[in-house]
Structure formats: C-alpha cells, structure tokens
2 protein chains.
Amino acid sequence: MGMQEQLKLNNQLCFRLYTASRLITQAYHPLLSGIGLTYPQYLVMMVLWEQDAQPVNDIAKKLYLETNTVTPLLKRMEAEGFISRSKGKADARQVIVNLTPKGRELESQASCIPFQLGEAVACRSITPETAPGLYGTLDDLIHTLSSAGR
Amino acid sequence: MGMQEQLKLNNQLCFRLYTASRLITQAYHPLLSGIGLTYPQYLVMMVLWEQDAQPVNDIAKKLYLETNTVTPLLKRMEAEGFISRSKGKADARQVIVNLTPKGRELESQASCIPFQLGEAVACRSITPETAPGLYGTLDDLIHTLSSAGR
DNA sequence: TTTATTTATATCGTTCACGATGCAAAGATA
DNA sequence: TATCTTTGCATCGTGAACGATATAAATAAA
C-alpha cells in the first residue's frame, strides 16, 4: 500500500526544470516590463538582434517552437512596433521578420539585463566553473528530446 | 557595432531551462493523454497521491504556483472526476481537495510513466552518477529564486 | 502541363501562467 | 463588541504553448 517512490515530486527532473524555468522567467519580468517585452518576446528579439531579416520558420526553429506559437507572438510584437513583417521575395510563402528602428534601439537598453538577472540568479551551485557543465547537460538533454520528437 | 555577447541565445541559462522544460513536457504528453491528464494536472495528482486531503494553498505551495493558477486547474480535474473539493471544517475559507476513487486508481496506471519517460530522456549527460548533482543545482536555483521573490 | 505532395504560415480551441483585483472568513486591535 | 488587517480562494484579462486543421505557394511526379 506504500506510495510509489518514482511518483514523488522530489524525484522528478521535469518538475525541477519546469519550476526553475518559471521562477527565472518571473525574475526577468520586472526587468523586461521596463522595456515593454514579455520573456518569449525577448527571446525573439535576441534572435533578431543576432541576425535581422529572418523568416518565421528560422526564428521558430532557433527557439524550438512551432509557428502556431510564434505567429501570434510576432503579431503582438508588430503591433507594439518592435518588428515588421513582409512577404518574402524569393519565396512568396515566407514571411520575413525585420527589426524596426525602435526594435533595434532596444538592444542597448536590454544589454544590462543579463547582468542584472545574473545577480538575482546568483547561488552557490552555479559558478563560472560549474555553469559550462550545467549548460552542456541541458544542451544534451535538449538535443536528445528535440531529435527524438521526429 | 558588434552584437552584444551577453544577449546571445546560446549564453542564456533561462532559455535552456525554458526549452528543456517544454520538450520534456512534450515527451510526457503521449503518456499522460493515455490516462487523461495534462502535465500540470499530473503534478497535482502526484502531490495528492503522496498525501490526500490537502487545502488548495498547500498544493499551490508545493508546486510553486499561485492559487489563481491552481483553482481553475482543480476545477477541470474535478469535472474529469479525478478529485473532489469541499469546504474546510476547521477553517471555512479553505477548500480541501480529495482524491476520488477514480483518482486513486490512477496511481497504479501512472506508476510506469517515470520509467517510460526515463527512456525518452536517456542521454549521456544524465546518468545515475550525474543526476544528483544536476538535481542539487536546480534545487539550489529554485530555492534562491523562490526566496528572493518575497 | 495537370495532378499530387510538400512546405511556410495562419487560424482555432483548450489549457496553462500570472498580474490585478474582489470577497468572505478568520484573527488582531481598539 | 466594533473595526482593521490578514489569509484563502476565486474571478478576470492577457499572453503564451500546442494539437489539430486550413490555405496558398512551391516542388515533384505523372
């Protein structure tokens, strides 16, 4: 009649990732709301700051999201004036996403966010020595899961 | 005019956690839909399997969620017949959540899920030797973030 | 060149998350 | 006791996520 050990919350990797993800996103909130972005919108902006003028699909792939998530996100960002969307010339099916001047200007305003966030996240388990190992593990996990799903 | 290095997606811990969390949840989906649960609902069930008859607030705290997320979740689970909700006797403000027989029966059906999931998540970076370290790091992060937010 | 298939994006419906706010019960203070 | 504050839960509105489906353009096959 004992509780199944493997069904305890404490033994779940996924629950930890889910919680850690939500809590970090919450920590971003006050910083991002200052520049008018949500966290997923901030991710899109980082993709575009790194390389402007990308089709929807390229953005979606880099974020491991589907277009049915990204399309409405981009529409809201267009309504806010951060990006513009235009038909692709080479391929008329594509929608090319461009930064507006307002969106481009945001990069310098956002540049301090990673540092501010770093202070909030500072804990003894994540140091310059241990971070690469953690990143590698998560990258490995993401790679396994994203390739398994096809 | 160079790209701000710290604003690159590859340098972001949060993006990794966000992606890993989503992809693992997706891996759960086919397993959970078989027993009629979503992933957050599965988390609630795990809390209740471990200890039945808890007030909403206790469940929310264990999942690091607010009641405005948990209440609608519980209502859907009640409509599906997995749980029942009743007024607390000692404190009339509380709503006590109980497993129904159907919800209790689900535990044995769910007991194989962690193993099935384990196979999907199997990658060289997460082994019986490395998992505790990863869990510890995430727990530390969660602790830091959840106590900072107050 | 038709016809069939794939690809790129969009639409729709449902379920989270979560900030803001409301409300009633409980507890504290006057 | 009457008033004030806190606590527990619910409601509302908005923005993701995502499965399922639709549509048009591009490509492949017949």
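No experiment lies behind these values; they were computed from the predicted model shown. In what follows, every chain begins at residue 1, and chains take the letters A, B, ... in the order their sequences are listed.
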Pairing annotation in dot-bracket form, given for DNA chain C with Watson-Crick or G-U pairs under 3.5 Å and | for cross-strand partners: ||||||||||||||||||||||||||||||
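Within 4.0 Å (heavy atoms only), Asn68(A) reaches at least one base atom of the nucleic acid. Within 4.0 Å (heavy atoms only), Tyr18(A) reaches sugar-phosphate atoms of the nucleic acid but no base atom. Residue Glu66(A) is classed as having no contact, given no heavy-atom separation below 4.0 Å to the nucleic acid.
Ring geometry, Trp49(A) versus Tyr42(A): the interplanar angle exceeds 60°, so the pair is classed perpendicular (tilted spans 30 to 60°).
Contacts between residues 21-56 of chain A and DNA chain D, defined by a heavy-atom separation under 4.0 Å, are made by Thr38(A), Pro40(A), Gln41(A). Across residues 69-86 of chain A, Thr69(A), Leu73(A), Arg76(A) each have a non-hydrogen atom less than 4.0 Å from an atom of DNA chain D (numbered order).
A continuous path of Ile, Leu, Val, Met, Phe, Trp and Tyr side chains, each step under 4.5 Å between heavy atoms, connects Tyr39(B) with Leu9(A), placing both in one hydrophobic cluster.
Without hydrogens or angle criteria, Arg93(A) side chain to Gly88(A) main chain gives no donor-acceptor distance under 3.5 Å.
Between Asp91(B) and Leu65(A), the residue anchored closer to the 5' end of DNA chain D is Asp91(B), taking for each the nucleotide with the nearest heavy atom.
A cation-pi contact links Arg16(B) to Tyr135(A), judged by a cut-off of 6.0 Å to the six-membered ring centre and 45° from its axis.
Interface remark: the Arg93(B) side chain does form a donor-acceptor pair with the dT7(D) base, using a distance-only criterion of under 3.5 Å.
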